[in-house]
Amino acid sequence: MLAQAILEGLNPEQRAAVETTEGPLLVVAGAGSGKTRVLTHRVAYLVGVCGIAPENVLAVTFTNKAAGEMRERVRKLLGPDADAIWVATFHATCVRILRREIGHLGRSRGFVIYDESDALALVKEALRRHGMDPRADDARRLRWRIDQWKNAGLLPAGAAERAADLEAEQAAEVYATYQRLLAEANALDFGDLLLLTVELFDRFPEVRRHYQQRFAYVLVDEYQDTNRVQYRLVDQLAGEHRNLCVVGDPDQSVYGWRGADIRNILDFERDHPDARVVVLERNYRSTQHILAGAGAVVENNPDRPKKTMLAQRGEGRRIALQEFLDERDEAQFVVQRILEGVRGEGRSYGQYAVFYRTNAQSRPLEEELLKYDVPYVVVGGVRFYDRAEVKDALAYLRLALNPADGMALRRIANRPARGLGKATLERAEARAAERDATLLDGLRTVVADATGRVRSGGEAFLELLDGLARDLPGLSPAEALTTVLERSGYLRALEQEGTPEAEARVENLRELVAGAEDFETANAGEDRSPLELFLDQVALVTDLDSSDLRDDRISLMTAHSAKGLEFPFVFLVGMEEGIFPHQASSRDERAVEEERRLCYVGMTRAMEGLTLCWARERRRFGTRTFGVPSRFLGEIPESTVEGMRPSPGAARRAFDAGAGRSLDYDYDQSAADRAGVAAGMRVRHPIFGPGTILAVTGAGAGQKLRIRFDRAGVKTVLVRYANLELG
DNA sequence: GCCTCGGACTTTTTT
DNA sequence: AGTCCGAGGC
C-alpha cells in the first residue's frame, strides 16, 4: 500500500535508484530529471517500506532550503515519522554533532560560529600578532587561503608541511595563530565545523563508530559540489554500513572555487568498486530547444562523461538572443517583456526569473522594476542577518552565552556609545594578552583601574553583561532579544536619533524579533537550548533559504543561487566576455569550463522561455566599459535559436577585425571599437609583456586600459601610447 | 574619544 | 558609484 504510493509515478531509472537500498549507489541526475523526487522517495522507501528506523537515516544537502524542502516532502509521504530523520546541510549536521562531542577535542560545547566578517577581523588580528601589516587586501587573501586549506582538510601543521616557500610558511604560521585566537574566543568558523568533525572522527574511533552505527543509510545531495573534507566526512559516516547513496551531476559542478572537487563524483566508482550506477537522463522540465541549446554549450567541455538529456516535453519555442546598447537598455527590455507576458498573456510575475553572474548586476534591473512598480525579490546578496543592527543585537546574545567571544564584545562595547572606545579596548586587549585571559576579563581590570567616563560607562556595561549572562539562557529567543534591546538602551538610542536610517534600523530589529518569535522550537532529543538553536540557525542560514519565491514576484538572483530551482521564463543577462565567463576565470581553462557549467545550470532552469542578453557597453566600477558577446552565445546551435544572434566566435573576430564590423551592427563606433579591444582580451605590451584587459575606460584620446599583466601586475595604460599588440 | 575627510578598492560565485 | 578604512583634526 505505502510501497505503491512511494513507487508510483517513478520512471524505471528513478525506481531503481529508490529500490537499490543496499551498498554504494551513484545516481547521476541530469538537470530536471527528478533528483529531489528520487531522494525524498528513497528516504520514504527506506523508512516506510524497508522498516528502517527513522533515526538511522541521514540525508545531507548543501542548502537549508534543499533540506527544508526534502523534509517537507518526506513528511508528506511518511507523516510524523519523518521528524526523527536527520535531514540537514553539511554544516548543520556537523554543528549538531559537535555540540554534543566537541569536548573530546578539548573544546567547550558552548562555542559560537563566526561569520565571514568575524573571521576576517580575526585574520587581521592574527597578522598583527605576527607584526605584519593587516592591510584589508592581504587579510582577505589570507582568509581565502585559510579557507582553502580547511576545505582541503589541512590543519595548520598540514599547511606548514606543504609550504613550498617562505611566504607559504609564514602564511601557515599566521593560520596557526588564527586557529589559536579562534580557540581562545571559543569560536569556530565555517570551515572548522567540517574540519573539526572530521578530526574528531579521525582521532576518536569510538565516537566515529557511534555515528557510523547510527547512520546505517546515508544520502548525499549535490555530490559534485563536495570538497575534500566533505568527502572524508561522508566516507567516515558511511564507513561501516556502506549504504551510501550520492546524487549529483558533473555538468552542474560550479563550486570549484570554494574547494569543491569534481573528481569526488567522477571517481565514485573507483572509490567504491561494488557501486551501482543509475543515470537519470529524462528531463521533465524544459522544452526541447532549451535543453538542446544548453546541452550543446556544456558539450564544449572536454573530458566530460557523456550524458545526453532527453526532453520529455514538446519542442517549445526557440532560445532568444538579444543585443543591447547598455545595461539600462537591457533592463528595459527585460521588464517590458515581463510586463507584456503578465498583462498580455495572463502570466504571473512569479513565473519569471532573471539571472546574472554577479550580485552587483541586480542594480539596473531593480531600478527599472521600481520604475514600473513591478514586485520582485532579490535572492541572496546582502543577508538580513548581516545588517549592522541585527549583528549588534545578536552579538549581545552571543556574548551572554559565551563570555569568551571577543568579536562580539568588540562589536557592542560601545554600541550604543558609552565611553568605551578604541583606546579602552586596546588596553583591555593588552591586559587580556598578558594574563592569558579573555577580552572581557581584560576589560574588567581596565574598568576597575579607570576613572571618569570609562569607569562609570564601563561599570554599567559590565553590570549589563553580567545580568544578561544570568537571565538570558532560560529565555526564548524572542524574549532574549527584547530584553537585550531594552536593557542595553540600544533601541532607545536609535529612536532618539530620529533619522530615517535609524527608523529603518528599528524596523529591522522588529523584524528580527518577529522572526525569532516564529522560530520553531520543536527540538526533541536536542541538547541545545532554544536560544542556542536560534543562534546556530542564524549563523548557518542564508537569505536564499528564507526567501519565499512567491508567485506574485519576479525573482532576481545569481546563476549560482539559481541552482536547484526552475522557472517557466528565464532571462540570463550580461552574457559578455569578462562577465560571463567572468574575467577572473577567463585565464584558466579549467575555470572557463566551470563558467560553462554555470551557464548550463542557468539555461536549464528555464521550462518554456529562455532569453539570453548581452550589452555592448556597461557601467562597471563607475566607468563605462565595452564588451563583446560571451563565447557561450556562439556555442548555442543555430537550430535552437530565434532571431538576431551574434555569429559564433564573434569575440574572436571582433578582436581581429575591429569590434562591431564582423557583427554587422549599425553602431557609432567608439574609440574602444576602433582599437578593437574589450575587457577579457589578451594583449602584449612592449615593456610589460602579455596581459589580460580588465577594463576599458574613457573614450577618444584619453582612453585607458586597465590590464593585468602576467608578470608585471595590474597597470593602467593609455591606448594612444601603449603600442599594444593583440593576442 | 569622536568625527570628518580622502583614498583605495570594489564585483565572482557562498555553506 | 558606493563602501570601507585609516589618518588627522578637534
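Below, chain A is the first sequence line, B the second, and so on; all start at residue 1.
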Would you mind classifying the nucleic acid contact of A:Phe62 as base, sugar-phosphate or nothing, using non-hydrogen atoms under 4.0 angstrom?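 Touches sugar-phosphate only.
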Any side-chain N or O of A:Thr623 below 4.0 angstrom from OP1/OP2 of C:dA1?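 Checking C:dA1 against A:Thr623, no side-chain N or O comes under 4.0 Å of OP1 or OP2.
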Establish, with yes or no, whether the OP1 or OP2 oxygen of B:dT14 is under 4.0 angstrom from a side-chain nitrogen or oxygen of A:Ser561.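 Checking A:Ser561 against B:dT14: at least one side-chain N or O falls below 4.0 Å of OP1 or OP2.
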Where the side chain of [X] is concerned, which of [options] is the nearest nucleotide?
X        : options                : answer
A:His560 : B:dT10, B:dT15, B:dT14 : B:dT14
A:Arg453 : C:dG2, B:dG1, B:dT15   : B:dG1
A:Glu116 : B:dT15, C:dC5, B:dT13  : B:dT15
A:Trp257 : C:dC5, B:dT13, B:dT11  : B:dT13
A:Arg258 : B:dT15, B:dT11, B:dT13 : B:dT15
A:Arg619 : B:dT15, C:dC5, C:dA1   : C:dA1
A:Phe621 : C:dG2, B:dT10, B:dT14  : B:dT10

Close aromatic pair by centroid cut-off 6.0 Å: A:Trp614 and A:Phe324: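 No, too far apart.
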Do you know which of A:Arg128, A:Arg129, A:Lys422 makes salt bridge (Lys or Arg N to Asp or Glu O under 4.0 Å) with A:Glu429?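 Going through the options one by one, the only one that passes is A:Arg129.
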On the 0 to 90° scale, with breaks at 30° and 60°, tag the A:Phe201-A:Tyr211 ring pair as parallel, tilted or perpendicular.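 A:Phe201 vs A:Tyr211 ring planes: tilted.
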Both A:Leu598 and A:Arg427 contact DNA chain B. Taking the nearest nucleotide for each, which residue is further toward the 5' end?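 Nearest-nucleotide comparison on DNA chain B picks A:Arg427.
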Decide, yes or no, whether a salt bridge links A:Arg616 with A:Asp329 under the criterion of side-chain N to carboxylate O below 4.0 Å.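 A salt bridge is absent here (no side-chain N lies under 4.0 Å from a carboxylate O).
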Partners of A:Arg71 by side chain to side chain contact (heavy atoms under 4.5 Å, CB included), sequence neighbours excluded?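 A:Arg71 satisfies side chain to side chain contact (heavy atoms under 4.5 Å, CB included) with A:Ala67, A:Arg75, A:Val87 only.
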Let's see if you get this right: which residues in residues 413-425 of chain A place a heavy atom under 4.0 Å from DNA chain B?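 A:Asn414, A:Gly419, A:Gly421, A:Lys422, A:Ala423, A:Thr424, in order of number.
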